[in-house]
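Counting begins at 1 with the first residue of the sequence.
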Amino acid sequence: QVQLVESGGGLVQPGGSLRLSCAASGLFFDDYAIGWFRQAPGKEREGVSCITFNDGTTYYGDSAKGRFTISRDNAKNTVYLQMDSLKPEDTAVYYCAAGNAILQFNLCVLYNERDYDYWGQGTQVTVSS
């Protein structure tokens, strides 16, 4: 059974940092890319960042560039999203998702949700003073 479990969300002040984790099980990890998405109230879900498990290639959406860092720990089958210089507009539910890395372009450049096979339940991030 495939499971993706996000953690690390919470309430943080503007300018602060959070590190989200996505723990994956039930996958052959080298075959997959892991993407982070977010959905703010009243808005469509958007791709934030993506990483391929086999070689660690990273991708960032416009909202993440320069502030967020994605990384992986192969031994722990976990992907992290380090978020720095957080802004109120970063407030959203953050999801991780896994898709076959053969579709790397669709997953990590287009952030095509239909090409992701598995999704986590999401973790709330609130940036507020």
Side-chain angles (χ1 to χ4, degrees):
Q1 182 181 359
V2 176
Q3 276 194 313
L4 300 177
V5 180
E6 303 99 333
S7 61
L11 173 64
V12 64
Q13 291 187 341
S17 299
L18 281 175
R19 188 177 79 158
L20 306 183
S21 300
C22 173
S25 60
L27 299 173
F28 184 64
F29 302 100
D30 280 359
D31 288 345
Y32 283 85
I34 303 293
W36 281 100
F37 290 77
R38 68 184 185 184
Q39 188 167 23
K43 294 188 177 181
E44 293 188 355
R45 191 155 54 186
E46 66 167 333
V48 175
S49 186
C50 183
I51 189 168
T52 55
F53 242 105
N54 58 352
D55 62 4
T57 304
T58 59
Y59 302 82
Y60 296 95
D62 289 341
S63 62
K65 290 177 182 176
R67 299 188 299 126
F68 296 180
T69 304
I70 192 170
S71 62
R72 78 202 194 288
D73 184 330
N74 291 54
K76 295 182 179 181
N77 298 330
T78 299
V79 171
Y80 303 99
L81 186 67
Q82 176 68 40
M83 305 188 296
D84 299 318
S85 302
L86 283 162
K87 306 173 183 179
E89 50 264 43
D90 294 317
T91 296
V93 178
Y94 284 71
Y95 300 89
C96 66
N100 194 309
I102 290 176
L103 301 175
Q104 186 171 332
F105 183 82
N106 288 7
L107 298 174
C108 296
V109 177
L110 301 181
Y111 293 97
N112 190 339
E113 294 183 27
R114 293 175 296 178
D115 289 318
Y116 281 87
D117 299 315
Y118 307 104
W119 290 81
Q121 82 287 351
T123 186
Q124 176 70 47
V125 171
T126 302
V127 184
S128 175
S129 54

> Specify the closest pair of heavy atoms between I70 and I34, including all atoms of both residues, with the distance to one decimal.
CD1-O, 4.1 Å
> Assign the ring pair Y111 / F37 to parallel, tilted or perpendicular, where the plane angle (0 to 90°) is split at 30° and 60°.
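Ring orientation of Y111 relative to F37: perpendicular.
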> Just so I know, are the side chains of T91 and Q124 near enough to count as touching, which here means a heavy-atom distance under 4.5 Å?
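Yes, side chains in contact.
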> Over 60° means perpendicular and under 30° means parallel, so classify the ring planes of F53 and F29, tilted if in between.
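Answer is tilted, since the angle falls between 30° and 60°.
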> Assess whether side-chain contact (heavy atoms from CB on, under 4.5 Å) is satisfied between L4 and W119, documenting all intermediate values.
CA-CA 6 Å; L4 300 177; W119 290 81; 5.6 Å; no
> How close do V5 and Q121 get, counting heavy atoms only, and between which atoms?
CA-OE1, 3.9 Å
> Which atoms form the tightest heavy-atom contact between S49 and L81, and what is the distance?
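Between these two residues, the closest heavy atoms are CB-CD1, 4.0 Å.
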> Taking side chain as C-beta onward, heavy atoms only, is Y32 less than 4.5 Å from D117?
yes
> So which atom in D55 and which in T57 form the shortest heavy-atom distance, rounded to 0.1 Å?
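Here D55 and T57 meet closest at OD1-OG1, 3.0 Å.
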> Using modelled atom types only, decide if a donor and an acceptor are shared between the side chain of E6 and the backbone of C96 within a distance under 3.5 Å.
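At least one qualifying donor-acceptor pair exists.
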> Please tell me if the side chains of Y116 and C50 come closer than 4.5 Å, counting only heavy atoms from C-beta onward.
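A side-chain contact exists here, since the closest heavy-atom pair is under 4.5 Å.
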> To the nearest 0.5 Å, tell me how far F68 CZ sits from L86 CG.
5.5 Å
> Sequence neighbours left out, what passes salt bridge (charged side-chain N to carboxylate O under 4.0 Å, His left out) with D62? Give chain and number order.
K65
> Starting from the C-alpha separation in whole Å, work towards a yes-or-no answer on side-chain contact (heavy atoms from CB on, under 4.5 Å) for E89 and V127.
CA-CA 8 Å; E89 50 264 43; V127 184; over 6 Å; no
> When you compare the side chain of M83 with that of L20, does any pair of heavy atoms fall below 4.5 Å?
yes
> Strictly by salt bridge (charged side-chain N to carboxylate O under 4.0 Å, His left out), give each pair with a member in residues 34-43 just once, sequence neighbours left out.
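Qualifying pairs, neighbours excluded: R38-E46, R38-D90.
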> Among all residues two or more places apart in sequence or in another chain, which pass the side-chain hydrogen bond (donor to acceptor under 3.5 Å, both in side chains) test with Q3?
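Residues passing side-chain hydrogen bond (donor to acceptor under 3.5 Å, both in side chains) with Q3: none at all.
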> Taking side-chain hydrogen bond (donor to acceptor under 3.5 Å, both in side chains) as the definition, give me every residue that meets it alongside R45, ordered by chain and number, with sequence neighbours left out.
E113
> Which heavy atom in G120 sits nearest to a heavy atom in Y95, and how many Å separate them?
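Closest approach of G120 to Y95, heavy atoms only: O-CD2, 3.7 Å.
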> Any idea which heavy atoms bring A33 and L107 closest together, and the distance?
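Between these two residues, the closest heavy atoms are CB-CD1, 3.9 Å.
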> Got a sec, which pairs hit side-chain hydrogen bond (donor to acceptor under 3.5 Å, both in side chains) with one end in residues 11-29, sequence neighbours left out?
S17-D84
> Quick one: side-chain contact (heavy atoms from CB on, under 4.5 Å) partners of S128, sequence neighbours excluded?
L11, T126
